[in-house]
Amino acid sequence: MRRTIIPIVAALAAVQPAGVTPAEAQVVQVTPLGGVDGEFCKLDRALIFEDPNGTRILYDAGRSVAGSGDPRLGKIDVLLVSHIHGDHAGNAHMAAPNSGTCDKPDTSVSSTPNTNTVNIALAKGAKIVTGSEMPPFFAGKLKANGGDPKNSVLVRYGAMKEFGGVGIATVPALHSNGLAPEFIGGDLGDQMQAAGIAGYVGQATGYILKFSNGLVAYLSGDTGITAEQDVVVRGYYGAELVVMNIGDTFTTGPTEAAYVINELIKPVSVIASHANEEATSGGKVLPGTRTEIFIKASSAPVLVPLSGVTMSFDGSGACVAGC
Ligand SMILES: [Zn+2]
């Protein structure tokens with residue numbers, strides 16, 4: 001046996017960089033599903049994470065995923081929703097990819113009272129994994145539409161749960177999380193609309209994902225600067241890849257987001273997100289944009305999520321292809 005094992009070990013040693021195990025050399029693929037192919041556009045939030053084992057996770061479907069029939073989706077095992085606002089859960093969506101322009105996406109297809117998220121979960125038989133007090137809301141929607149309410153799964157702050165070999169935990173996000181009356185409907189929805197109040201579904205969240213190649217990713221969700229980004233996201237989980245919202249006013253802007261990256265989390269790689277602008281043209285970052293300001297201010301390499309362009313990350317958080 002020794003004679004066969006030694007050459008295999010030697011061959012592995014020859015192709016792996018020093019200190020990188022075979023598992024770490026496997027890649028997690030991240031594919032943005034944005035408004036316009038090859039661009040980073042105003043309402044883009046959605047990312048698909050594919051573990052080396054094939055598990056596919058859709059983060060914040062929002063409005064740029066063109067409903068459950070969007071041909072870019074493929075197999076989806078898990079949907080994540082950072083919080084219940086319409087631009088994340090999806091109160092409306094594009095009729096097809098590339099509807100409208102990068103600056104003015106055409107999101108004329110309504111998905112109330114269900115949410116784009118629920119419609120996709122029903123079509124794919126996927127789980128919706130959320131923290132806070134959002135799971136009962138999604139369970140009710142699944143049940144009301146003939147789905148299995150058990151496919152809405154709780155991961156509240158604290159424990160990490162495994163889904164298809166990927167560990168998922170939630171972390172606090174400093175943001176509001178009111179459920180809009182348009183998702184409630186009926187007399188109650190009308191009365192809440194008239195009163196100008198939203199339903200309570202707990203706090204907004206971010207996510208920690210631990211992939212089978214060892215990669216730990218932090219998805220910030222909509223948030224201001226939080227102490228947890230230092231103590232929990234870096235200190236406990238050691239996040240190596242960060243998806244950072246930079247939209248300003250509603251979340252950290254590019255300058256605050258760069259502080260989070262440079263001083264609190266110190267990751268290996270960063271993906272800009274939620275810029276609320278036409279950030280690119282021809283796949284190139286436009287001057288004067290929030291995205292450009294963030295790239296210049298961040299000490300870690302910032303990757304721009306161009307719709308349909310897959311980025312691959314090894315177990316240490318380094319982008320090894322598509323970047
Ligand atoms: Zn938002």
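Just follow the structure's listing: the first ligand is 1, and inside any ligand the first atom is 1.
At a cut-off of 2.8 Å, H274 coordinates the Zn ion (ligand 1) through an N, O or S atom. The Zn ion (ligand 1) has an N, O or S atom of H88 closer than 2.8 Å.
Pairs engaging residues 155-182 under the ring-ring contact (aromatic ring centres under 6.0 Å, His included) rule: H83-H175, H85-H175 [sequence neighbours left out]. For the ring-ring contact (aromatic ring centres under 6.0 Å, His included) condition, the pairs that include at least one residue of residues 273-314, sequence neighbours left out, are H88-H274.
Of the charged side-chain nitrogens involved, none lies within less than 4.0 Å of a carboxylate oxygen, so that R63 and D87 do not count as a salt-bridged pair.
Summarising the geometry of N177 relative to Q203, their closest heavy-atom pair is ND2-O, 3.4 Å, with the distance given to 0.1 Å.
Nearest N, O or S atom of D87 to the Zn ion (ligand 1): atom OD2. Within D222, the N, O or S atom at minimum distance from the Zn ion (ligand 1) carries the name OD2.
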